[in-house]
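Notes follow the structure.
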Amino acid sequence: MGKVLVEKLLRSCPRVCALYLLVRPKAGQSMQERVDDMMKCKLFDRVREDNPDFHNKIVAISSELTQPGLGISAADVERLTARINIVFHCAATIRFDEPLKHALQLNVIATQQLLSLAQQMQHLEAFIHISTAYANCNRRHIDEVIYPPPVEPKKLIDSLEWMDDSIVCDITPRLIGDRPNTYTYTKALAECVVQQESGKISVGIIRPSIVGASWQEPLGWIDNFNGPSGIFIAAGKGILRTMRANNDAVADLIPVDVVINLTLTAGWYTAVQKPKSALVYNCTTGGINPFHWGEIEHYVMSTFKRNPLEQAFRRPNANITSNYLINQYWILVSHKFPALLYDLFLRLSGQKPQMMRIFNRLHKAIGLLEYFSSQDWEWNSENMNMLMSQLSPEDRKTFNFDVRQLNWPEYIENYCIGTKKYVLNEDMSDIPAARQHLRKLRNIRYTFNTVLVVFIWRVFIARSQMARNIWYFVVSLCFKFLSYFRASSTLTK
Ligand SMILES: CCCCCCCCCCCCCCCCCCCC(=O)SCCNC(=O)CCNC(=O)[C@H](O)C(C)(C)COP(=O)(O)OP(=O)(O)OC[C@H]1O[C@@H](n2cnc3c(N)ncnc32)[C@H](O)[C@@H]1OP(=O)(O)O
Ligand SMILES: NC(=O)C1=CN([C@@H]2O[C@H](COP(=O)(O)OP(=O)(O)OC[C@H]3O[C@@H](n4cnc5c(N)ncnc54)[C@H](OP(=O)(O)O)[C@@H]3O)[C@@H](O)[C@H]2O)C=CC1
């Protein structure tokens, strides 16, 4: 989301003179190398065309959320406090399996520290915090309010400080209670911290639901496996065949460009109107333009059949079911059995088996996502509508977050194609070869199934007289039918 925010600010807000990005070095790359890489990415193509010198506006500030004072140097603190007008806080750990201590550090303590830095900013007009629509997923109906936290954040921070990691791990399920993971739990605490520690700062909280590829700018752009993207890819590659989800539950996907347009607009509104208390914006689609997981399954499958991914493992054919036993059956038949066979083939041909390992990871990921695809929530999104009504017609177009205009089948198609182009870096010109590969897979499947049926039948009739009788009866019936057909066609000639 950070990248999309930067791109939109550069493209649609030309009077913004500088963007200060908090960045950490990672995976052997320095902070500056990472920023340079980001600016080279396809997402920035249009900005690069419009203004080749756009990089002059970007100032990278070294920061690490786990360090005291966010690891920002004194000189940088001085620069930030003197120059920043609006803070957009979207850094977080979004992993569902993050140990509680780490999630607390990144999502709650870092938010506290950023707010304390913001308090020192001399020209600050607004602080926008990105939360999640699932921060209160233990409720069915979610209003645009900050709910009482599951525990007082400061008390939890103090208690976890002295506790051993293993003790924290043991008590985590008791602490998170009816939330599914440490992510949603710590995001709820973070909202509370924002409310408690904003002081005189004007604050806005954005709660996006499941963020997906961009809708309009640019079409279908996405660059990671998070949320449904990994699932779509796994289904497109023919690896994922079954998953537990409710066909009729609302799939509350929200395009990333919609979230960013709303975030920027909320930044403007908060800075100009300075609401007395933090305004919360539920940034969701379900209440306005609902679409369901069953429909998503249909359009994902149909898109990948027409626009296949390269080197698919099997033909894309995935189904969702809410029935636990049916899902387990298909996992056995369509995931584990083919994985075992393929690994056996790899072993026999002297290669390292890998399919079972891939499936184990996939099952772990799916297990963590199922909670969100099996249930329905209702979000009130009045503040989103209010914000829209504040925009001029021109701004409404530039910062479009009117999801009533979203055509779901079209969006899902562009999303799937986006995963192919931008996540997997596959070329669209290779589609004919990918289709040819699918045809080859289909022929292998037909041959395999035929051999299997004949084999089972041969074993069966070798052991049972009744099966042999049925077999001869069916074969003789076929012969009779064929000879009748031949005779009647000779007569008509
Ligand atoms: C039947 C098919 C038809 C389709 C229709 C039905 C679709 C139903 C889809 C349901 C989706 C529901 C999504 C709900 C999301 C709720 C969102 C809540 C809103 C938010 O606020 S949070 C943002 C969402 N957060 C996430 O999505 C993070 C989830 N991911 C994780 O927690 C971890 O990545 C995970 C899954 C525990 C895996 O951990 P680990 O095994 O340690 O692996 P890594 O993360 O290190 O990744 C290694 C490697 O794998 C790639 N990767 C990551 N996730 C996936 C994935 N889901 N599928 C495939 N590949 C994945 C990752 O990029 C890494 O690649 P490298 O190349 O970098 O090694
Ligand atoms: N994706 C989704 O479906 C949803 C996301 N959200 C919220 O939106 C926000 C952005 O999410 P999204 O863009 O999807 O997630 P990403 O994981 O892509 O982005 C999170 C950002 O936080 C930074 N970060 C994480 N740990 C540290 C650290 N220790 N020090 C410095 N920076 C760090 C990451 O930097 P780095 O690149 O160095 O890792 C990354 O830029 C989050 O607050 C999330 O909770 C809300 C609803 C849905």
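Counting from 1, the numbers follow the sequence of the chain as shown. Start at 1 and go down the list; that is how both ligands and their atoms are numbered.
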Query raised in the report: Does R48 use its side chain to pair, donor to acceptor, with the backbone of C41 at less than 3.5 Å?
Result: yes

Query - Taking atom 46 (C) of ligand 2 as the reference point, the nearest protein heavy atom with its distance - result: S131 O, 3.1 Å

**Report entry** K8 charged N/C atom sitting above F399 aromatic ring, 6.0 Å / 45°
**Finding:** yes

**Report entry** Nearest neighbour in protein (non-hydrogen) for atom 42 (O) of ligand 1
**Finding:** R95 NH2, 2.8 Å

Query - Numbered atoms and elements of ligand 1 in range of I320, under 4.0 angstrom, heavy atoms - result: 1 (C), 6 (C)

Query - Distance flag for atom 40 (C) of ligand 2, protein heavy atom under 4.0 Å - result: no

Query raised in the report: Is E64 in polar range of ligand 2, meaning some N or O pair under 3.5 Å apart?
Result: yes

Report task. Measure from atom 36 (P) of ligand 2 to the protein's non-hydrogen atoms and state whether any distance is below 4.0 Å. Result -> yes

Query - Flag for E98-T182: side-chain donor and acceptor within less than 3.5 Å - result: no

Query raised in the report: Would you say atom 50 (O) of ligand 1 has a protein heavy atom nearer than 4.0 Å?
Result: yes

Query raised in the report: Is there at least one pair of N or O atoms, one from P208 and one from ligand 2, spaced under 3.5 Å apart?
Result: no

Query - V168 side chain near D164 side chain, heavy-atom distance below 4.5 Å - result: no

Query raised in the report: Is the shortest distance from atom 18 (O) of ligand 2 to a protein heavy atom below 4.0 Å?
Result: no

Query - Heavy atoms from other residues, nucleotides or ligands near CD of Q29 exceed 12 (cutoff 6.0 Å) - result: yes

Query raised in the report: K101 side chain to D165 main-chain N or O, any donor-acceptor pair under 3.5 Å?
Result: no

Query raised in the report: Cationic tip of R241 within the cone over W330's six-membered ring, i.e. under 6.0 Å and within 45° of the normal?
Result: no

Requested in this report: Heavy-atom contacts with S373 under 4.0 Å: which atoms of ligand 1 show up? List them by number with element.
Outcome: 10 (C)

Query raised in the report: Quick check, are the ring centers of F88 and F127 under 6.0 angstrom apart?
Result: no

Query raised in the report: Would you call D45 and K42 a salt bridge, using N to O less than 4.0 angstrom?
Result: no

Query raised in the report: Any protein heavy atom lying closer than 4.0 Å to atom 69 (O) of ligand 1?
Result: no

**Report entry** Atoms of ligand 2, numbered as shown, that sit under 4.0 Å from any heavy atom of M1
**Finding:** 5 (C), 6 (N), 7 (C), 8 (O), 9 (C), 10 (C), 13 (O)

Report task. Would you mind checking which non-hydrogen protein atom is closest to atom 43 (O) of ligand 2, with the distance to 0.1 Å? Result -> K187 NZ, 2.8 Å

Requested in this report: Apply side-chain hydrogen bond (donor to acceptor under 3.5 Å, both in side chains) to N400 and N261, showing your working.
Outcome: CA-CA 6 Å; N400 185 10; N261 287 342; over 6 Å; no

Query raised in the report: Closer than 4.0 angstrom: is that true for some heavy atom of Y183 and an atom of ligand 1?
Result: yes

Query raised in the report: Is I94 in polar range of ligand 2, meaning some N or O pair under 3.5 Å apart?
Result: no

Report task. Go through ligand 1 atom by atom and flag the ones less than 4.0 Å from a non-hydrogen atom of A318. Result -> 1 (C), 2 (C)

Query raised in the report: Any side-chain heavy-atom pair from I205 and L279 closer than 4.5 angstrom?
Result: no

Query raised in the report: What distance do L240 atom CG and I233 atom CD1 have between them, rounded to the nearest 0.5 Å?
Result: 12.0 Å

Report task. Return yes when N226 approaches ligand 2 closer than 4.0 angstrom through a heavy atom, no otherwise. Result -> no

Query raised in the report: Nearest protein heavy-atom contact for atom 10 (C) of ligand 2: which residue, which atom, what distance?
Result: C90 O, 3.3 Å

Report summary line: the protein heavy atom lying closest to atom 34 (C) of ligand 2 turns out to be R24 NH2, 4.3 Å

Query - Partner of Y134 by ring pair (Phe, Tyr, Trp, His ring centres under 6.0 Å), out of Y371, Y183, W379 - result: W379

Report task. Report yes or no: does A133 have a heavy atom closer than 4.0 Å to ligand 2? Result -> no

Query raised in the report: So, does G227 sit close enough to ligand 1 that a heavy atom of it is under 4.0 Å from the ligand?
Result: yes

Requested in this report: Without swapping roles, check the side chain of R179 against the backbone of T186 for a donor-acceptor pair under 3.5 Å.
Outcome: no

Query - Nitrogen or oxygen of M301 less than 3.5 angstrom from that of ligand 1 - result: no

Query - ligand 1 contact by S229, heavy-atom criterion under 4.0 angstrom - result: no

Report summary line: atom 36 (C) of ligand 1 sits nearest the protein heavy atom A365 CB, 3.6 Å

Query raised in the report: Does some non-hydrogen atom of the protein lie less than 4.0 angstrom from atom 46 (O) of ligand 1?
Result: yes

Requested in this report: Establish, yes or no, whether a centroid distance under 6.0 Å links the rings of W221 and Y415.
Outcome: no

Requested in this report: Would you confirm whether any non-hydrogen atom of the protein falls under 4.0 Å from atom 40 (P) of ligand 1?
Outcome: yes

Report task. Look at R306 together with E413 and state whether they make a salt bridge at an N to O cut-off of under 4.0 Å. Result -> yes

Query raised in the report: How close does the nearest protein non-hydrogen atom get to atom 3 (O) of ligand 2, and which residue and atom is it?
Result: V211 N, 3.0 Å

Query raised in the report: Side chain, backbone, both or neither: which part of N226 comes within less than 4.0 Å of ligand 1 when only heavy atoms are counted?
Result: both

Query - For atom 31 (C) of ligand 2, closest protein heavy-atom neighbour - result: L65 CG, 3.4 Å

Query raised in the report: Can an N or O of T132 be found at a distance shorter than 3.5 Å from an N or O of ligand 1?
Result: yes

Query raised in the report: So which bit of E370 gets within less than 4.0 Å of ligand 1, heavy atoms only: side chain, backbone, both or neither?
Result: neither

Query raised in the report: For atom 6 (N) of ligand 2, what is the nearest protein heavy atom, given as residue, atom name and distance?
Result: Y183 OH, 3.6 Å

Query raised in the report: Using a distance-only test with no angle check, is there a side-chain donor-acceptor pair under 3.5 angstrom linking T111 and H89?
Result: yes

Query raised in the report: For ligand 1, which part of L368 has a heavy atom less than 4.0 Å away: the side chain, the backbone, both, or neither?
Result: side chain

Query raised in the report: Mind checking whether N319 has an N or O less than 3.5 Å away from an N or O of ligand 1?
Result: no

Query raised in the report: Any idea which of W293, F96, F225 brings a heavy atom closest to atom 11 (C) of ligand 1?
Result: W293

**Report entry** Non-hydrogen atom of I231 closer than 4.0 Å to ligand 1
**Finding:** yes

**Report entry** Output field: ring centroids Y324/Y329 closer than 6.0 Å
**Finding:** no

Query - Heavy-atom closest contact (N282 atom, S381 atom, distance) - result: O-CB, 3.6 Å

**Report entry** Heavy-atom protein contact below 4.0 Å for atom 66 (P) of ligand 1
**Finding:** no

Query raised in the report: Can an N or O of T93 be found at a distance shorter than 3.5 Å from an N or O of ligand 2?
Result: no

Query raised in the report: In ligand 2, which numbered atoms sit nearer than 4.0 Å to a non-hydrogen atom of S209?
Result: 47 (C), 48 (C)

Report summary line: the protein heavy atom lying closest to atom 25 (C) of ligand 2 turns out to be A92 O, 3.3 Å

Report summary line: Taking only non-hydrogen atoms of R34 and a 4.0 Å limit, the atoms of ligand 2 in range are 36 (P), 37 (O), 38 (O)

Query - Basic-acidic side-chain contact under 4.0 Å: R11, E217 - result: yes

Query raised in the report: Looking at S209, which atoms of ligand 1 are within less than 4.0 Å of one of its heavy atoms?
Result: 19 (C)

Query - Atoms of ligand 2, numbered as shown, that sit under 4.0 Å from any heavy atom of A91 - result: 21 (C), 22 (O), 23 (C)

